[in-house]
Amino acid sequence: MAQEDVFKKLVAHCKEYGFVFPSSEIYDGLAAVYDYGQYGVELKNNIKKYWWDSLVLLHENIVGLDAAIFMHPTIWKASGHVDAFNDPLVDNRDSKKRYRADVLIEDQMAKYEGKILKEVEKARKRFGEDFDEEQFRSTNQRVLRNQEKLEKLHSRYVRAMNDSDLEELWQIIIDEEIVCPISGTRNWTEVRQFNLMFSTEMGSTAESASKIYLRPETAQGIFVNYLNVQKSGRMKIPFGIAQTGKAFRNEIVARQFIFRMREFEQMEMQFFVPPGTELEWFRYWKEARMKWHRALGFGDDHYRFHDHDKLAHYANAATDIEYRFPFGFKEVEGIHSRTDFDLGSHQEYSGKKMQYFDPDTNQNYVPYVVETSIGLDRMFLQIISAAYHEEELIKEDGTRDSRVVLRLPPVLAPVKLAVFPLTKKDNLPEKARSIVNELKFDFNCQYEEKDSIGKRYRRQDAIGTPYCITVDHQTLQDNTVTIRYRDSMKQDRVGIPNLKATIKEKVDISNLLKQL
Ligand code: GAP
């Protein structure tokens with residue numbers, strides 16, 4: 001099945017099974033805004049906990065913060081967002097659709113990459129085991145021609161983006177003969193800058209109201225509080241502050257479901273270090289964050305680093321951790337060495353000292369900052385797209401069946417176990433409920449008695465429940481139940497007193513954290 005079709009099915013699955021709903025759906029929705037349903041919110045909370053515990057529990061020099069969304073408007077002037085948090089946009093006059101110029105050009109580069117890959121895969125099939133990819137790439141004329149076009153376009157694009165040269169971006173779109181995917185024409189307007197911040201007014205009367213912004217990143221709440229935390233917590237550099245919370249961006253191109261939203265949640269950690277050590281810490285956090293992703297067990301080859309060509313105004317090094325989504329490798333997390341830009345700038349704009357006194361060296365300095373910044377919604381999409389599987393099954397009697405299963409890491413699964421009485425009579429429901437009543441203090445449990453056991457299994461597979469427990473007549477005699485494992489669909493008979501330990505072994509977050 002084509003990857004786009006898989007993605008469409010995933011989006012439909014998220015709605016059907018209570019993970020993600022379009023916002024304001026009865027009013028036809030609100031573009032790029034989504035609500036999380038009963039299972040979505042559990043999965044989201046579990047991801048957040050994995051992130052939070054891996055930083056705040058496991059590092060004695062990292063603490064948390066919960067800053068307000070509304071902040072003094074000068075903060076966004078100091079941070080550079082008022083002047084520089086822009087996307088270059090271009091309109092197609094025929095379709096009246098608006099695009100990000102950089103995205104159109106990046107898509108064009110992806111087309112060249114796609115053509116090269118197609119040639120390589122064709123040759124791999126033709127030559128079989130003897131295929132030497134390196135030699136093929138360096139000699140095949142079609143590959144070489146596309147590689148040359150790609151490299152030329154890439155260096156032109158990087159230059160234009162670094163210089164914020166809007167005319168050159170427009171010229172690239174024209175020279176590459178990029179067409180609007182809707183109208184198919186090249187009737188483009190000029191490229192313009194568009195600020196991504198949402199603003200509103202604070203104050204009761206028009207005269208006293210002042211313009212404030214909905215934060216486009218959570219990081220600034222950490223910067224302006226860093227001395228409060230350092231002093232009240234007697235923190236010694238190096239130390240980190242972690243925060244999760246909503247951020248808002250008026251994205252021009254909102255697409256791919258919850259990948260790019262206008263209201264989303266970030267999980268950010270700013271790590272304050274002595275000047276001159278930031279690149280060492282940058283490397284440290286790069287590796288640590290990759291390890292965090294890989295510990296989820298979706299396959300190491302699904303992740304890669306993508307070092308930035310164009311550095312943001314505040315950074316001296318930056319990389320993305322990318323995941324292979326059904327629509328290609330895309331950023332999930334950014335790791336940025338932000339220098340002393342933010343603290344230095346807040347010192348200048350506020351007139352307040354942002355310096356740290358280092359007792360080891362007896363020196364005052366403005367710390368440098370390494371940031372790890374991950375979108376919670378994007379991480380949610382990464383996990384759910386990795387977990388989504390459609391499977392063909394052959395039953396014991398030889399007939400065919402199929403199922404959709406979310407192979408979620410058990411630690412993250414919204415429901416950890418479902419308990420079913422085999423029938424609705426003979427005291428089986430009461431026995432099943434007594435198991436739920438005992439285990440609900442430790443795990444998110446569900447009780448289900450409607451439909452056949454097979455149908456109940458399918459419903460739990462679809463929401464990723466790792467364990468299903470069935471209470472049958474034997475249970476009443478020997479206090480044992482069947483436990484059915486989601487991924488293998490195998491079943492074991494276990495004593496009720498052993499259930500808690502069996503389930504805990506796989507769903508306990510400490511086992512995941514110990515891998516880090
Ligand atoms: N403080 C740095 C910062 O905000 P960023 O690369 O702009 O850096 C960090 O954003 C992460 O936030 C991204 O890697 C992505 O996971 C998430 N993110 C950014 N914009 C988003 C959007 N419109 N919708 C969903 N997630 C987004």
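Position 1 is the first residue of the sequence; numbering continues from there. As the structure is a prediction and not an experimental result, all values here were calculated from the model. Counting starts at 1 for both ligands and their atoms, in listed order.
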Under 6.0 Å between ring centres, would you say that holds for Tyr50 and Trp292?
yes
Distance filter under 4.0 Å to Glu333 heavy atoms, resulting ligand 1 atoms:
14 (O)
Which atoms of ligand 1 sit under 4.0 Å from any heavy atom of His336?
2 (C), 8 (O)
Donor-acceptor check, side chain of Arg304 to backbone of Glu322, threshold 3.5 angstrom: yes or no?
no
So for Val332 against ligand 1, with non-hydrogen atoms under 4.0 Å, the contacting part is backbone
Under 4.0 Å to a heavy atom of Glu371 - the qualifying atoms of ligand 1, by number:
1 (N), 2 (C)
Within ligand 1, which atoms have a heavy atom of Gly334 less than 4.0 Å away?
14 (O)
Atom 9 (C) of ligand 1 sits nearest the protein heavy atom Ser373 OG, 3.0 Å
Verify the neighbour count for atom CG of Asp66: are there more than 12 heavy atoms of other residues, nucleotides or ligands below 6.0 Å?
no
More than 12 heavy atoms of other residues, nucleotides or ligands under 6.0 Å from CD of Glu190: is that the case?
yes
Where does Arg338 meet ligand 1, judged by heavy-atom distances below 4.0 Å: at the side chain, the backbone, both, or neither?
side chain
How are the rings of His13 and Phe19 set relative to one another: parallel (under 30°), tilted (30 to 60°) or perpendicular (over 60°)?
parallel
Top protein contact for atom 13 (C) of ligand 1, by heavy-atom distance
Glu331 OE2, 3.2 Å
Which of these passes side-chain contact (heavy atoms from CB on, under 4.5 Å) with Asp377: Glu265, Arg260, Gln382?
Glu265
Which heavy atom of Leu65 sits nearest to which heavy atom of Gly221, and what is that distance?
CD2-O, 3.6 Å
Answer with yes or no whether Met379 contacts ligand 1, where contact means a heavy atom under 4.0 Å from a ligand atom.
no
So is there a nitrogen or oxygen of Tyr314 less than 3.5 Å from a nitrogen or oxygen in ligand 1?
no
For the aromatic rings, using the six-membered ring if either is Trp, is the centroid distance between Trp285 and His59 under 6.0 Å?
yes
Just one of Leu412, Asp53, Leu57 clears the side-chain contact (heavy atoms from CB on, under 4.5 Å) bar with Ile509, so which one?
Asp53
Could you identify the single nearest non-hydrogen protein atom to atom 7 (O) of ligand 1 and state the distance to 0.1 Å?
Arg249 NH1, 2.8 Å
Phe198 and Tyr213 aromatic centres sub-6.0 Å
no
Best match, Met261, His308, Glu263, Arg378: closest heavy atom to atom 24 (N) of ligand 1:
Met261
I'd like to check which ligand 1 atoms, numbered from 1 as shown, lie under 4.0 Å from a non-hydrogen atom of Phe259.
24 (N), 25 (C), 26 (N)
A student checking ligand 1 against Gly375 at a 4.0 Å heavy-atom cut-off should list atoms 11 (C), 12 (O), 15 (C), 16 (O), 17 (C)
Ligand 1 to Arg260 polar contact by distance, N or O atoms, under 3.5 Å:
no
If we number the atoms of ligand 1 from 1 as shown, the ones under 4.0 Å from a heavy atom of Glu217 are 1 (N), 2 (C), 3 (C), 4 (O)
Considering the heavy atoms of Glu268, write down every atom of ligand 1 situated less than 4.0 Å from one of them.
1 (N), 2 (C), 3 (C), 4 (O)
Just need the protein heavy atom nearest to atom 12 (O) of ligand 1, so name the residue and atom and give the distance.
Gln266 NE2, 3.4 Å
Return the closest protein heavy atom for atom 26 (N) of ligand 1 as residue, atom name and distance.
Phe264 CD1, 3.5 Å
Would Phe325 and Phe327 count as a close aromatic pair, with their ring centres under 6.0 Å?
yes
Do Arg215 and Phe70 make a side-chain contact, defined as non-hydrogen atoms from C-beta onward lying under 4.5 Å apart?
no
